[in-house]
Amino acid sequence: MPELPEVELAARRLREWLVGCRVTHVETDDALLLRGASAADWHAALAGRCGRAVRRRAKYLLADFEGGHTLVAHLRMTGRFLRESGDAAPPPGARLFLRLEDGSRLTFQDRRRLGQAWVLPTPAVESLPQLASLGPDTLEEPPSAPALMALTCGRRQSIKALLMDQRRLSGLGNICAGEILFRARIAPEMPAGQLSEAEIARLAELIPEYLRWAIEAQSRHDPVYLGERGAVNVFSLYGRRGEPCPACGEAIRRTVIAGRGTYYCPRCQG
DNA sequence: CTTATCCCCTGCCGGC
DNA sequence: TGCCGGCAGGGGATAA
């Protein structure tokens, strides 16, 4: 489920938990996660090592360890890292445990099991195909208006699908793209190449502004996603079909673009 | 190259 | 209560 804002918050939590903290054991028996790698190799690479840094690239988490290895993780739809007591019962969907020398446990929980993880020599991270193909990070290197114009020029693809294409820009997902287009008053199904210069300029300004807002807004809640108990919907449109548009009061509609649920205001984004 | 569609996997929710 | 379709904040493979 997570997009850039949630992954950024996950990175900040992991940084607190791991940097300067020694891992004693790496435990997993999840063949889908290992994809041919060996749990023993993961353990050998990380056990006994302190975390040195935690980075984020688009929606990927990178945890660098002393000894020269990096744990790369993608949370996909349902992944999250939890810090638990070392003797707590494993939560449903637990796929990987990092035991720490203070007795606690970092658990990679992922109920749908779509998440991915790698343990690589740190220099090899750059050539991991999943990372190498990413476009510029929308928080660290937000596109200028001319850069966005170059990306959209001549494209018949909807602007929403383009914003979610990680090879062009990275970090925006289904919710971010929809919320940014609402703020910019642009219809999500508009062919990217047909946007006006003024619309492009608004988008360029709103992308980093929205991400900073979302990180701040979501940092005030536990890392709980919509649909879970106690979840708080901080979004303007997402998940609010039929509710009044916060700007004009018109009923929010839902459609499907690029296979993803898409919420929009037919009046503001007409 | 571009774009759309299907698929991976599991759980929850609403309707009948 | 039980079953079933729809839905889920990801991205990769494949096809046209």
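Letters A, B, ... are given to chains in the order of the sequence lines, protein chains preceding strands, and every chain is numbered from 1. No experiment lies behind these values; they were computed from the predicted model shown.
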Item to check | A:Met164 CE - C:dA8 P separation (whole Å) | outcome: 12 Å

Item to check | Value in whole Å for how far the P atom of B:dC7 lies from CZ of A:Arg76 | outcome: 17 Å

Checklist outcome for this item: Taken to the nearest whole Å, CG/A:Asn174 to C1'/C:dG11 is 13 Å

Checklist entry - Between A:Arg167 (CZ) and C:dG10 (C1'), how many Å, whole number? => result 15 Å

Item to check | Residue-phosphate contact under 4.0 Å: A:Gln157 side-chain N/O, B:dT2 OP1/OP2 | outcome: no

Item to check | A:Arg156, CZ atom: more than 12 neighbouring heavy atoms under 6.0 Å | outcome: no

Checklist entry - What does A:Leu75 touch in the nucleic acid at a heavy-atom separation under 4.0 angstrom: a base, only the sugar-phosphate, or nothing? => result nothing

Item to check | A:His74 side chain, from C-beta outward: closest of B:dG11, B:dT3, C:dG10 | outcome: C:dG10

Next on the checklist: Distance criterion of 3.5 Å, no angle test: do you see the side chain of A:Arg112 paired donor-to-acceptor with the base of C:dA8?
Outcome noted: yes

Checklist entry - Say you pick atom P in B:dC6 and the same atom in C:dG6; how far apart are they, in whole Å? => result 13 Å

Item to check | Atom P, compared across B:dC12 and C:dG11: separation rounded to whole Å | outcome: 23 Å

Checklist entry - Of the nucleotides B:dT3, C:dG10, C:dG12, which one has an atom closest to the side chain of A:Glu3? => result C:dG10

Checklist entry - For atom P, what is the distance between B:dC9 and C:dT14, given to the nearest Å? => result 15 Å

Next on the checklist: Measuring to OP1 and OP2 of C:dA8, would you say a side-chain N or O of A:Tyr263 lies under 4.0 angstrom away?
Outcome noted: yes

Checklist entry - Paired with B:dC9 by Watson-Crick or G-U wobble geometry, both distances under 3.5 Å: which nucleotide is it? => result none

Checklist entry - Looking across every strand, which nucleic acid part, if any, lies under 4.0 Å from A:Gln116 by heavy atom: base, sugar-phosphate, or nothing? => result nothing

Item to check | Residue pair A:Thr122 / A:Thr70, side-chain donor-acceptor N/O under 3.5 Å | outcome: yes

Checklist entry - When the nearest nucleotide of DNA chain B is assigned to A:Arg155 and to A:Gly259 on a heavy-atom basis, which residue is associated with the more 5' position? => result A:Arg155

Checklist entry - When the distance from CG of A:Leu114 to P of B:dT10 is rounded to whole Å, what number comes out? => result 9 Å

Item to check | Under-4.0 Å side-chain N/O to phosphate OP1/OP2 contact, A:Arg254 with C:dC7 | outcome: yes

Checklist entry - Is it true that A:Arg49 and A:Glu66 have a side-chain N and a carboxylate O under 4.0 angstrom from each other? => result no

Checklist entry - Looking at the side chain of A:Arg111, which of C:dG11, B:dC12, C:dG10 is the nearest nucleotide? => result B:dC12

Item to check | Electrostatic pair A:Arg76-A:Asp110, nearest N-O below 4.0 angstrom | outcome: no

Item to check | Side-chain donor/acceptor of A:Arg113 to base of B:dC9, under 3.5 Å | outcome: no

Next on the checklist: When you compare the side chain of A:Arg254 with that of A:Val256, does any pair of heavy atoms fall below 4.5 Å?
Outcome noted: yes

Checklist entry - Starting at CG of A:Leu163 and ending at P of B:dT3, how long is that distance when rounded to a whole Å? => result 13 Å

Checklist entry - Of all the nucleotides listed (B:dT3, B:dG11, C:dG10), which has the minimum atom distance to the side chain of A:Arg168? => result B:dT3

Item to check | Length of the CZ-C1' vector between A:Arg241 and B:dG14, whole Å | outcome: 12 Å

Checklist entry - With both distances under 3.5 angstrom, what nucleotide forms a Watson-Crick or G-U wobble pair with B:dG15? => result C:dC3

Checklist entry - Would you call A:Arg83 and A:Asp102 a salt bridge, taking side-chain N to carboxylate O under 4.0 Å as the test? => result yes

Next on the checklist: For C:dG10 and A:Arg260 - does any side-chain N or O of the residue sit under 4.0 Å from the phosphate oxygens OP1/OP2?
Outcome noted: yes

Next on the checklist: Please report the distance, rounded to the nearest Å, between CD in A:Gln166 and P in C:dG10.
Outcome noted: 8 Å

